[in-house]
Number of protein chains: 2
Amino acid sequence: MARTTGHSRPVIKDVAKLADVSAPTVSRYLNGTAKIAEDKRKRIAAAIKELGYEPSMAARALSNQEMDSVVVFASKPDEFSTSATNHGVEAAARKRGFLLNIVSLDESDIASVEARVRMGLAVRPAGVLVYEYGWAGVEALKVIPQGIPTVVVGGGFGDGDYQVINAEREGGRWMTMHLLDLGHKMVFHVQWDQETGDNSRTNGWRDALKEQGIDVPESITVPVGRLDKAVAAGKKLGRRKGVTAIFAATDELAIAVIKGLREAGRKVPQDISVIGFDDMAFDALWEPPLTSYTQNFHEMGQRAFRMLFEQIQAKRKGVDMPPAQVEIVQGRPCLRASEAAC
Amino acid sequence: MARTTGHSRPVIKDVAKLADVSAPTVSRYLNGTAKIAEDKRKRIAAAIKELGYEPSMAARALSNQEMDSVVVFASKPDEFSTSATNHGVEAAARKRGFLLNIVSLDESDIASVEARVRMGLAVRPAGVLVYEYGWAGVEALKVIPQGIPTVVVGGGFGDGDYQVINAEREGGRWMTMHLLDLGHKMVFHVQWDQETGDNSRTNGWRDALKEQGIDVPESITVPVGRLDKAVAAGKKLGRRKGVTAIFAATDELAIAVIKGLREAGRKVPQDISVIGFDDMAFDALWEPPLTSYTQNFHEMGQRAFRMLFEQIQAKRKGVDMPPAQVEIVQGRPCLRASEAAC
DNA sequence: CTGAAAGCGCTTACAG
DNA sequence: CTGAAAGCGCTTACAG
């Protein structure tokens, strides 16, 4: 024998003995994998309760060849979108008795992405969720072996067979259209200078303009994180003729642009309307209160888990995988007071 | 036999066979638990590499009676403090080959806290971290059995044998002192109407005032989340004689107070200085740029894991637990332009 | 509906 | 330094 046993926590055998049945029967009871005689059911239930028995996930995992858990590979761990999505995933997973492992993919070169994926997979999770908010998610997808249930969260269309994405492009279109409806003849767009996917708010801006037969100008790009440059861009816009409406790709950008506009002597929203995107906590307190668009990351997380769970169940039952699907989670405009009719 | 084997992933036996040694030898190699002849080491290393072998954490956990993982019980999953701390924990855990499980404790009644703790413990994690930013953390602590390595994160002094907390009280003292140093004779304090622990910024405010021999007034409380009430409180303060400096317990509160002050016709910082706490993303963009105080949650998370890991190692080696300890993580003032000399 | 047996992939006391 | 054996706590094919 390896070491002394001295159970501190009850194991299935203890339950079986107390209920006067065999361990497999307890197992079947627990997993609903066979019918159990009513009297035995009762005795088992009572024994579990009396002992405070909780099955060992490790033992179960060893037997099942996989854990009742899912791992999320998160490309931008410090962002609100990530933590809100995580929370949604966790809530949905918990209902199914699944545990959540988080492994972050930030700040990593490609080699390290692979190492982290291997590490996350070492527990043999039943499935994985990859957040494709950043490039690291894309890399992770490449090294995750086939056959393990996967859903891609937050990418563009076509990045995976199973995806849940937010209606970002639609949101951008909506916001732009809103400005157009207010009578503005043109809406300018300021964005960070980084690649955006197909499903981007920026493309939504283009969609709206095209829909109205307006020639789409170049968007104004600002080096990532350089708020001062965004202020400068705002100032420049403020001096330019014919600028009456601006859709900023993020609230931060909107605020910086407003600052620049003021430096150029323009008033918001009287002279120029400015709206943002993301609905950050401070928007309502801003002067003027900033109109924005909110995305429902918590909902995304929940749906992503459910989509993953369907695959997991199909795999466990040995039936066909559900058909490929992409779910789109709607967001919602938050109208405040930073825009006005033209 | 239970089911057909058909190894998709290599197991220790495969490595052993390829390296022409026994499985226990591979195990000892992997865990450094015995000396291995040099030639065998080489063969084993080569075999592992060739096969792309990764030990099964589940099997290991079953044998070791515990998993190489830690679980965090997070009382306020949606807050920045939580996700930043998580990230720090995860980074430190990863270096030790430990996985992180997150179980959130929000929105739960007491009964559900207990169920979640049981669930989190079902994997037999090597240790647990409980975030005591909210009451749920306190409850969780009550139901976590003795003997499992635990560290309390973000509570007050004395909430556990092992704690890491931020220098919040000291931060509050520092901020208040800063205002006093600028020549203000009194500093008022606005806070949310919720219980704050011993280690609170509010107590730091009291500390500073007392230190300077100033009678400590009642702090001004605002119902949680009611920003409009905070604006009203600011307005009231603006009309009151002799108010020259306000330390708001959070940046949101500071901004709302400033709004109220302006409604009362006062200028910030010319007439009245206002500073916040937490250093939120928008502070620098505010008008005026808001002076605040930043806490290092990422660092807290890292230290918390390391403190936990020491206990885990002690327990595994069977040596004495490290002495009880509380580590304090320093924050840092972020001086901007919302305060001025009196 | 139910039990005895074997197996999941590791680790460790035991005996060289 | 190293191997054969037994055990960790479950699950499942097999045979009633």
Side-chain angles (χ1 to χ4, degrees), chain A residues 1-17 19-44 48 51 53-68 97 121-124 126 316-318, chain B residues 1-17 19-44 48 51 53-68 97 121-124 126 316-318:
Chain A
M1 211 208 70
R3 69 213 74 79
T4 41
T5 313
H7 295 150
S8 50
R9 309 181 57 142
V11 298
I12 200 170
K13 214 189 295 180
D14 301 318
V15 174
K17 184 177 294 177
D20 196 30
V21 296
S22 70
T25 299
V26 177
S27 172
R28 292 180 188 111
Y29 169 85
L30 254 12
N31 298 300
T33 160
K35 286 208 171 98
I36 312 282
E38 189 50 31
D39 58 321
K40 301 195 178 163
R41 296 187 68 80
K42 278 190 190 144
R43 294 207 308 271
I44 294 171
I48 287 173
L51 262 23
Y53 171 69
E54 189 91 26
S56 156
M57 290 192 86
R60 188 172 265 178
L62 186 56
S63 220
N64 291 339
Q65 301 279 55
E66 71 181 33
M67 197 91 166
D68 279 4
L121 262 24
V123 277
R124 269 71 165 172
R316 289 186 175 177
K317 287 178 186 162
Chain B
M1 208 207 72
R3 69 213 72 80
T4 43
T5 314
H7 295 149
S8 51
R9 310 182 56 145
V11 298
I12 200 169
K13 214 188 296 181
D14 300 319
V15 175
K17 184 177 294 178
D20 196 32
V21 297
S22 71
T25 300
V26 177
S27 173
R28 291 181 189 113
Y29 168 85
L30 253 12
N31 298 299
T33 162
K35 286 209 171 102
I36 313 284
E38 189 49 30
D39 58 322
K40 301 195 177 164
R41 297 188 68 81
K42 279 191 189 145
R43 294 207 308 271
I44 294 171
I48 287 173
L51 262 22
Y53 171 71
E54 191 90 26
S56 156
M57 290 193 85
R60 189 173 265 179
L62 186 56
S63 220
N64 291 339
Q65 302 279 56
E66 72 180 33
M67 197 91 165
D68 279 4
L121 262 23
V123 276
R124 271 70 166 171
R316 289 186 177 178
K317 287 178 186 162

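Bear in mind the structure is a predicted one, so any value in this text is a computation, not a measurement.
Spacing between atom CG of A:D14 and atom P of D:dG9 amounts to 9 Å, rounded to whole angstrom units. In this structure, A:I36 places its CD1 atom 13 Å from C1' of D:dT11, rounding to the nearest Å. Nucleotide C:dC1 holds its P atom 12 Å from the CG atom of A:D39, rounded to whole Å. For B:D20 and D:dG3, the CG to P distance is 8 Å, given to the nearest whole Å. Taking atom CD on A:E54 and atom P on D:dG9, their separation rounds to 15 Å, with Å as the unit. Atom-to-atom, CG of A:L62 to P of C:dA6 comes out at 18 Å; the value is rounded to the nearest Å. In this structure, B:I12 places its CD1 atom 14 Å from C1' of C:dC8, rounding to the nearest Å. One atom, NZ of B:K13, and another, P of C:dT11, lie 14 Å apart when rounded to the nearest Å.
Shortest non-hydrogen contact noted between A:L30 and A:P55 is CD2-CG, 4.3 Å. Of all heavy-atom pairs spanning A:D14 and A:R9, the tightest one is OD2-O, 4.4 Å. Contact between B:V26 and B:V15 at its shortest, heavy atoms only, is CG1-CG1, 3.9 Å. Considering every non-hydrogen atom in both A:S22 and A:A16, the closest pair reads C-CB, 3.7 Å.
Out of C:dT2, D:dA4, C:dG9, the shortest distance to the side chain of B:V11 is found at C:dG9. Comparing C:dC10, D:dT11, D:dC8 against the side chain of B:R60 picks out C:dC10 as the nearest. Distances from the side chain of A:N64 to the nucleotides C:dG3, D:dT12, C:dG9 place D:dT12 closest. With C:dC10, D:dT12, D:dC10 as the candidates, the nucleotide lying closest to the side chain of A:Y53 is D:dC10.
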DNA chain C in dot-bracket form (Watson-Crick or G-U pairs under 3.5 Å, [ ] crossing, | inter-strand) is |||.||||||||.|||
Yes or no on side-chain contact (heavy atoms from CB on, under 4.5 Å) for A:R124 and A:Q65, after CA distance, side-chain angles and deciding distance?
CA-CA 7 Å; A:R124 269 71 165 172; A:Q65 301 279 55; over 6 Å; no
Would A:I36 and A:V21 satisfy side-chain contact (heavy atoms from CB on, under 4.5 Å), going step by step from the backbone distance to the final call?
CA-CA 11 Å; A:I36 312 282; A:V21 296; over 6 Å; no
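Going from atom OG of B:S56 over to atom CG of A:L62 covers 6.0 Å, rounded to the nearest 0.5 Å.
Applying the 4.0 Å criterion to OP1 and OP2 of C:dT11, one finds that B:N31 has a side-chain N or O inside that range. Note on A:Q65: a side-chain N or O is less than 4.0 Å away from OP1 or OP2 of C:dG9. Note on B:K40: a side-chain N or O is less than 4.0 Å away from OP1 or OP2 of D:dT2. For the pair B:S56 and C:dC10, the criterion of a side-chain N or O lying under 4.0 Å from OP1 or OP2 is not met. A sub-4.0 Å separation between OP1 or OP2 of D:dG3 and a side-chain N or O of B:T25 is present. Contact annotation: B:S63 side-chain N/O to D:dC8 OP1/OP2 distance is not under 4.0 Å.
Taking atom C1' in both D:dG16 and D:dT12, the straight-line distance is 16 Å, to the nearest Å.
Residues A:L30 and B:A34 both approach DNA chain D. Their nearest nucleotides, taken by heavy-atom distance, put B:A34 toward the 5′ side.
Among the heavy atoms of the strands, none lies under 4.0 Å from A:Y29.
Between the side chain of B:R28 and the base of D:dG3 there is at least one donor-acceptor pair of N/O atoms closer than 3.5 Å.
Under the 4.5 Å side-chain criterion, counting only non-hydrogen atoms from C-beta, A:M67 is in contact with B:M67.
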